[in-house]
2 protein chains.
Amino acid sequence: MATIYEVAALAGVSPATVSRVFNGNTVSEEKQRLVRDAAQQLGFTPNKTARRLRKQSSEIICLLVPDIENPFFTALARGVEDRAQESGFSVVLCNTDDDPAKELRYLQIAASEQMAGVILSPASDEVDLGAIASLGRPVVAVDRTTPYPVDAVKIDNRAAGIAATTALVEAGFRRIACIAGPAGIEETEDRYLGWKQVVTARKTLVRDGFLQHANFRVDGGRSAMKALLELVQPPDAVVTTNNLMAIGALQALHETGIDPEDFGVAVLGELPYLLPPPSSVVQVRLPARHLGRTAASMLLERIGGDTQPLRTVVLRAEIARPPLSL
Amino acid sequence: MATIYEVAALAGVSPATVSRVFNGNTVSEEKQRLVRDAAQQLGFTPNKTARRLRKQSSEIICLLVPDIENPFFTALARGVEDRAQESGFSVVLCNTDDDPAKELRYLQIAASEQMAGVILSPASDEVDLGAIASLGRPVVAVDRTTPYPVDAVKIDNRAAGIAATTALVEAGFRRIACIAGPAGIEETEDRYLGWKQVVTARKTLVRDGFLQHANFRVDGGRSAMKALLELVQPPDAVVTTNNLMAIGALQALHETGIDPEDFGVAVLGELPYLLPPPSSVVQVRLPARHLGRTAASMLLERIGGDTQPLRTVVLRAEIARPPLSL
DNA sequence: GTGCTTGACGAAATCGATTTCTTGCACTTT
DNA sequence: AAAGTGCAAGAAATCGATTTCGTCAAGCAC
């Protein structure tokens with residue numbers, strides 16, 4: 001790899017001039033040409049590491065998601081990436097497994113690597129943003145919020161929960177249960193509050209045990225559904241607060257031999273590649289990609305020096321019925 | 001962020017000594033203690049950028065995949081990540097969209113960022129590994145190979161194609177078509193050669209048009225399947241050479257109103273979250289995660305200075321029937 | 001013609017670590 | 001006791017860019 005010094009020597013100018021040529025400073029036409037020719041000839045690309053050390057910043061943004069195998073988050077990642085590319089930024093994608101320790105580790109890496117900013121979907125309320133915050137690097141929370149004062153982009157989770165539950169009520173179901181995520185995660189709490197509001201307002205039957213907490217994955221949804229089906233008076237429909245748990249729930253229904261057409265299922269999120277789409281499944285489409293794109297835009301604005309007050313952007317989910325066929 | 005100089009000053013030693021403490025060189029017990037105490041007190045973490053500039057290398061490995069929304073590649077990514085973590089390396093995940101230009105761009109970034117090595121699933125035969133190769137950084141090709149002399153981990157694609165097709169023959173299907181990926185991509189060519197070998201050997205009926213080339217995505221599979229169904233004498237079964245195209249094919253069947261139980265479908269890859277699993281679907285399980293893990297191991301060995309001759313590891317796919325229920 | 005501004009551009013400092021070179025001291029060896 | 005050996009640890013060079021500072025000359029006003 002050629003360095004700026006070699007280019008300077010070949011072009012017969014000082015290294016400073018070479019740097020200026022590539023950073024848009026005042027250099028005479030003549031020398032510009034000399035430098036560009038020399039650079040071309042040597043195949044020179046500026047060493048990013050040296051530049052970063054000097055400038056104390058890079059053009060990389062760090063994206064922390066809890067589960068990269070969840071299509072919701074890959075879609076979100078695409079959104080971030082698309083937007084970042086437009087501004088010449090690269091994205092580093094990291095997987096936290098909802099583990100605060102891993103999360104912390106990546107945040108420290110982000111700090112010590114001089115990354116320009118962080119977009120994260122926090123694993124818990126106790127995220128420690130101290131390291132990056134103290135460096136003044138902007139952070140945007142996505143999908144979930146944090147107690148730290150940072151910008152956020154989220155979904156109107158309560159409205160989504162209401163929409164999903166209402167759709168089931170209107171389809172004629174009267175014993176609607178809810179499979180929520182782990183207790184204490186805001187995102188899922190809001191969704192189940194939406195459910196609660198509707199079942200209360202509509203006075204549908206709610207039994208003890210109709211609210212199940214589960215982990216966010218397929219197995220969580222499955223066991224929660226099994227538990228629901230074993231109740232003395234089981235529900236006739238269920239709202240699941242994320243996509244993977246819905247898959248688990250549908251699996252449980254299938255394994256129990258229940259025709260999914262007879263059992264209402266509403267999902268907050270999209271079921272990937274589901275086919276044939278059971279007509280009784282209601283999906284509330286979460287704008288994952290858009291969420292990512294918006295978060296990236298906000299982050300890039302902050303990186304560009306924007307100092308306006310903190311913002312929380314709330315995106316509205318839209319109901320999709322029958323489910324998407326891709 | 002505290003620097004090595006501040007730590008040195010607080011501990012009353014030279015910066016060199018501080019560096020030695022953190023790099024396992026000979027320092028007296030006494031000074032070690034002083035330095036560690038000072039570092040602790042200041043919350044010192046070495047600046048990775050400065051270290052990288054000096055050492056001309058980092059502990060980051062770059063993973064280039066064509067499509068991060070394809071579950072096959074996310075599983076592969078997890079494998080890489082798991083292995084990398086064990087050795088204290090971080091993984092940067094990049095999406096090429098099978099676009100040689102994007103690929104090249106990321107390869108240059110990998111080079112100019114001093115990343116320790118690259119694992120890639122090349123977008124085309126014309127990958128230009130010049131930049132990283134000339135820096136002596138190791139590269140491992142995964143899933144697909146390249147003309148460049150690099151280590152590779154792949155799947156025995158022809159055997160997988162044979163297994164898939166044979167399973168259909170044994171299930172009694174006699175007019176077996178094939179939906180292959182874009183012509184010219186080795187990985188898919190081998191798979192369709194497996195199909196060809198079996199249909200020839202078993203003398204099943206093959207018509208013009210039974211071999212369809214499509215892009216690797218859901219829409220490609222769907223239109224290929226539609227084309228097959230419009231043939232004067234359509235097939236009674238199909239082998240698709242990747243997972244997403246199979247989804248598309250199943251969608252097309254569904255839309256045409258054909259009962260999937262009556263039509264044989266064999267997939268090279270796993271169908272994510274499919275339910276209920278139609279019993280006539282054969283899946284050849286590709287060890288994606290293991291592929292990633294193996295690639296990472298090989299790369300890490302090279303990074304560690306291993307100079308043994310080039311290796312190509314071929315992993316065997318296993319047939320799964322009935323399909324996985326997650 | 002003198003003094004002042006302005007712009008191009010080279011010299012040198014800087015970012016924060018690692019590493020080589022050197023020094024100084026303690027301890028053998030003959 | 002002089003010379004040789006070994007080792008801890010400081011001084012200084014180094015990685016490759018950016019940026020500050022200063023110089024010099026041209027352009028302009030008086």
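Every heavy atom of this structure was used, including side-chain atoms; hydrogens, water molecules and symmetry mates were not.
Listed by chain and number, the residues in a salt bridge (charged side-chain N to carboxylate O under 4.0 Å, His left out) with B/Arg302 are B/Asp151 (sequence neighbours excluded). Partners of A/Glu30 under the salt bridge (charged side-chain N to carboxylate O under 4.0 Å, His left out) rule, at least two apart in sequence or in another chain, are A/Arg33. For the ring-ring contact (aromatic ring centres under 6.0 Å, His included) test, residues two or more places apart in sequence or in another chain that qualify with A/Phe22 are A/Phe44. Considering only residues two or more places apart in sequence or on other chains, B/Arg217 meets the side chain to side chain contact (heavy atoms under 4.5 Å, CB included) condition with B/Asn215, B/Asp219. Under the side chain to side chain contact (heavy atoms under 4.5 Å, CB included) criterion, A/Val91 pairs with A/Ile61, A/Leu63, A/Val80, A/Glu81, A/Ala84, not counting sequence neighbours. With sequence neighbours excluded, the residues that form a side chain to side chain contact (heavy atoms under 4.5 Å, CB included) with B/Glu86 are B/Arg83, B/Arg293. Scored by the side-chain hydrogen bond (donor to acceptor under 3.5 Å, both in side chains) test, A/Ser57 finds no partners at all (sequence neighbours excluded). With sequence neighbours excluded, the residues satisfying side chain to side chain contact (heavy atoms under 4.5 Å, CB included) with B/Val313 are B/Val153, B/Thr294, B/Met298, B/Leu315.
Between the two ends of the helix from C/dG1-D/dC30 to C/dT30-D/dA1, each summarised by a five-pair axis, the helix axis turns through 50° (rounded to 10 degrees).
With a 4.5 Å cut-off on side-chain heavy atoms, B/Phe216 and B/Thr188 count as touching. With contacts defined as side-chain heavy-atom distances shorter than 4.5 Å, the pair A/Glu103/A/Val127 qualifies.
If B/Val13 and A/Ala2 are placed on DNA chain D by their nearest nucleotide, the residue sitting closer to the 5' end is B/Val13.
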Q) Going 5' to 3' along nucleotides 18-28 of chain C, which nucleotides have protein heavy atoms under 4.0 Å from the base (write B), which only from the sugar-phosphate (write S), and which from neither (write -)? A) BBB--------
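Residues of residues 109-117 of chain A that place a heavy atom closer than 4.0 Å to DNA chain D do not occur. Looking at residues 26-35 of chain A, you'll see A/Thr26, A/Val27, A/Ser28, A/Lys31 sit with a heavy atom under 4.0 Å from some atom of DNA chain C.
Rounding to the nearest 0.5 angstrom, the gap separating the CZ atom in B/Phe73 from the OG1 atom in B/Thr96 is 8.0 Å.
Residues B/Thr49 and A/Gln114 bring a donor and an acceptor atom of their side chains to less than 3.5 Å of each other.
Nucleotide D/dC15 holds its P atom 16 Å from the CG atom of B/Leu135, rounded to whole Å. Here the C1' atom of nucleotide D/dT14 and the CG atom of A/Leu53 are 12 Å apart, to the nearest Å.
Although no hydrogens or angles enter the test, the distance criterion places a donor-acceptor pair under 3.5 Å between the side chain of B/Ser121 and the main chain of B/Val142.
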